[in-house]
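This structure is a prediction, so every number in the text was calculated from the model and none was measured. Note on naming: letters A, B, ... go to the chains in the order of the sequence lines (proteins, then strands), and numbering restarts at 1 for each one.
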Protein chains: 2
Amino acid sequence: MTPLPTPQQLRYLVALADLGHFGRAAAACAVTQSTLSAGIIALERQLDASILERGPAKRPVFTPLGLELVGRARAALAALSAVAETAAAARDPLTGPLRLGIIPTIGPFLLPRLMPALRKAFPRLRLWLREDLTDRLAEDLQGGRLDLLLLALPAALPDVETLRIAEDPFVAALPQEHRLLDQAQLPLSALGGERLLLLEDGHCLRDQALSACGLPGAGGGETFAATSLHTLVQMVAGGLGVTLLPRLAVAGGVLAGTPVVLRPIETPPGQVMGRTLGLAWRARSPRAPEFRSLAPVIGEAVAAAVARIGATPGAGGGG
Amino acid sequence: MTPLPTPQQLRYLVALADLGHFGRAAAACAVTQSTLSAGIIALERQLDASILERGPAKRPVFTPLGLELVGRARAALAALSAVAETAAAARDPLTGPLRLGIIPTIGPFLLPRLMPALRKAFPRLRLWLREDLTDRLAEDLQGGRLDLLLLALPAALPDVETLRIAEDPFVAALPQEHRLLDQAQLPLSALGGERLLLLEDGHCLRDQALSACGLPGAGGGETFAATSLHTLVQMVAGGLGVTLLPRLAVAGGVLAGTPVVLRPIETPPGQVMGRTLGLAWRARSPRAPEFRSLAPVIGEAVAAAVARIGATPGAGGGG
DNA sequence: ACAAAACGATTGGTTTGATCGATGACCCCG
DNA sequence: CGGGGTCATCGATCAAACCAATCGTTTTGT
């Protein structure tokens, strides 16, 4: 068997693929250009494979095999650092950098509560945040650019482990002086006759609200779609229709200053109409035990928020 | 971030875990004991983790973290050699060693045909064979001890890619002078009244035959179970009952010298009663393209065998 | 069209660190 | 109590990874 490639060589290869430039790649690896050049050449010779188009081209151009090797190199380097990460995580659980992805229907409403709680519970944790739609977060998780996701379950992702955190019930949001306001609780059937406002496509909350109302998902031409929960609330306030809001968003102040009025949703006893919040990480992540121990703290933050608003299910912020 | 562990150090670690002995592990790595010892110590220092119980013990004893690290080290080394394998596979497709696992209801009947065909098509391929039940083959595939499986689909295995090779229809096998022999084709319902002989538990053919007859799988106390298709045929010949045989096994001579008689199974037009043969390999295996190009050769061998027996669906070997 | 700049490959000399052989410390067994 | 066995330590050695400087070629600027 041919000798295994050196991690150094793989780092050079990946840096070159990322930056497309010997000099900059060398700088990124903290070596001189000559070293990186020699490293790439040595790798090609050891593997007996042509990685770069060695024609009279100025910029390095990768062969198909070269690109394949870059992918393998990334995976190998990740596996290598997983060894070190395992040791680091065992030595100092929940310290150091953690790249967390959050969906937009959770982030703005939970983070103001969550961050102080996390800082108190794990003072040495360095949290990097990224807010995006579930699909894009999942991509970044797989690609190793994120370590952990906070999103709505179920999220069936391959090679990903998930953990339930908390339930986030839906409440109905209606404009002032709406004809349904004389009922203390609204059955879902009552909403069927109203114009249901939704977030734009890609937000998982859109699909969850639709399925809660028993409506089909992809029925394109319904209504004008909002880009955020704040926008959505403004549309409700403007009398364009009604919507479902997660209690967590209400607790986070999404209604602040608007005349929108809330009503609990009437459900069969013992059943809850809402969605499940959870964590997700790469299966086989060295830090999985850490992530699991993170769950209670997040769950408490959610529970505290939802409980607080649960006591006042009437109008939102004191408009 | 702590520096990445050296592949060398990881090799030492894995060898030590495998052999449980510094001296022998060092010999396996082709270094002296002092080198390996120093390597392990350096790894522990770099990772700031205790891998071995450093008490006054004679044999090296791994800490829980140490065992975890061993697993990670194995994965990292595999990822590293996947880089080299990718290059090697691109350079010389279908050459070098290939560890193939085959289930016992295929192997003995196909290999005599398949091996010459493979040797002719890929002369530089060095085929290592292992015959076992699907479950155990799958374990070895995941563990990297096998590269490729030839088995009956569907085989829902995680992180495994499969490719359909060929269909292998079932035929009914009955003893001489059986009352059903006056029918040229047997409907499945006719078999329902007979005592159906099966392979013992663990053989996928057992479950496939049961499901073909519409019978439940785990109904423990049916009948005496055979340990191989040859045994099963002997039991049929002895008048203990009837069974279903894959045509491939018949073509491979499983009936040789026995008075067992075959009858095709009556099926709705355009439908086939049988099982699907296929290949399976680890998803993300560097050699996946090679394996895919192996499929036609195997498919031809199966087709040639089945076609040959298809012309003479009567009695088996000239007993 | 020509000059200047940018880029990657090559060369020669330096230094780091992995490895070896030998030795030391310790335990178990007879 | 002595011998065999096992793992850790020590000093010397040597390969290879690295850097600075240079060369040949292509691209860019005017």
Side-chain angles (χ1 to χ4, degrees), chain A residues 2-63 66 70 73 77 80 83-84, chain B residues 2-63 66 69-70 73 76-77 80 83-84:
Chain A
T2 66
L4 257 48
T6 298
Q8 204 77 307
Q9 294 171 334
L10 300 187
R11 259 191 297 269
Y12 296 163
L13 179 64
V14 169
L16 185 59
D18 284 341
L19 301 174
H21 188 287
F22 276 74
R24 278 186 271 281
C29 295
V31 296
T32 61
Q33 173 264 325
S34 72
T35 297
L36 189 134
S37 183
I40 298 287
I41 292 174
L43 188 61
E44 287 189 283
R45 187 175 45 75
Q46 286 179 23
L47 296 180
D48 190 16
S50 70
I51 297 177
L52 296 173
E53 310 265 8
R54 291 296 180 171
K58 181 154 187 167
R59 311 267 303 189
V61 177
F62 283 80
T63 65
V70 168
L77 290 176
L80 229 32
V83 179
Chain B
T2 67
L4 256 50
T6 297
Q8 204 77 308
Q9 293 171 334
L10 299 187
R11 261 191 297 268
Y12 297 163
L13 179 64
V14 169
L16 185 59
D18 284 340
L19 301 173
H21 188 287
F22 276 74
R24 276 185 272 282
C29 295
V31 296
T32 61
Q33 172 265 324
S34 72
T35 297
L36 190 134
S37 183
I40 298 286
I41 291 174
L43 188 62
E44 286 188 285
R45 186 176 45 75
Q46 285 179 24
L47 296 181
D48 190 14
S50 70
I51 297 177
L52 296 173
E53 311 265 8
R54 291 292 181 172
K58 184 158 187 163
R59 311 265 303 188
V61 177
F62 283 80
T63 64
L69 289 175
V70 169
L77 290 176
L80 230 31
V83 180

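- In this structure, the side chain of B:Gln33 does not engage the main chain of B:Phe22 through any donor-acceptor pair within 3.5 Å.
- Summary of the strand contacts: A:Val31 and B:Thr35 both lie near DNA chain D, and taking for each the nucleotide with the nearest heavy atom, the more 5' one is attributed to B:Thr35.
- Protein atom CG of B:Leu36 is 10 Å distant from nucleotide atom P of C:dC20, rounded to whole Å.
- Atom C1' of nucleotide C:dC27 and atom CD of B:Glu53 are separated by 17 Å, given to the nearest angstrom.
- For A:Asp48, the side chain to side chain contact (heavy atoms under 4.5 Å, CB included) partners at least two apart in sequence or on another chain are B:Arg91.
- Distance alone, capped at 3.5 Å, is enough to place a donor-acceptor pair between the A:Thr63 side chain and the A:Gly66 backbone.
- Note on residues 10-29 of chain A: pairs passing salt bridge (charged side-chain N to carboxylate O under 4.0 Å, His left out), not counting sequence neighbours, are A:Asp18-A:Arg74.
- Every residue two or more places apart in sequence or in another chain that forms a side chain to side chain donor-acceptor pair (under 3.5 Å) with A:Ser34 is listed here: A:Thr32.
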Pick out the pairs of N or O atoms, protein on one side and nucleotides 22-24 of chain C on the other, that lie under 3.5 Å.
none

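- Here B:Gln9 contributes atom CD and B:Ile51 contributes atom CD1; the two are 9.0 Å apart, rounded to the nearest 0.5 Å.
- When rounded to the nearest whole Å, the span between CD1 of B:Ile40 and P of C:dA18 equals 13 Å.
- A distance of 8.5 Å separates CG in A:Leu10 from CG in A:Leu80, rounded to the nearest 0.5 Å.
- Considering CG of A:Leu36 and OH of A:Tyr12, their distance stands at 6.5 Å, rounded to 0.5 Å.
- Residue B:Ile41 has its side chain nearest to D:dT9 when only D:dT9, D:dT6, C:dC20 are considered.
- Legend: salt bridge (charged side-chain N to carboxylate O under 4.0 Å, His left out) pairs involving residues 25-36 of chain B, not counting sequence neighbours: none detected.
- Here the P atom of nucleotide C:dA18 and the CG atom of B:Leu43 are 12 Å apart, to the nearest Å.
- Contact check of residues 7-23 of chain A against DNA chain C (heavy atom, cut-off under 4.0 Å) returns A:His21, A:Phe22, A:Gly23.
- If you check every strand for non-hydrogen atoms under 4.0 Å, B:Ala30 touches sugar and phosphate atoms only.
- What separates CZ of A:Arg45 from P of C:dT10 is a distance of 12 Å, to the nearest Å.
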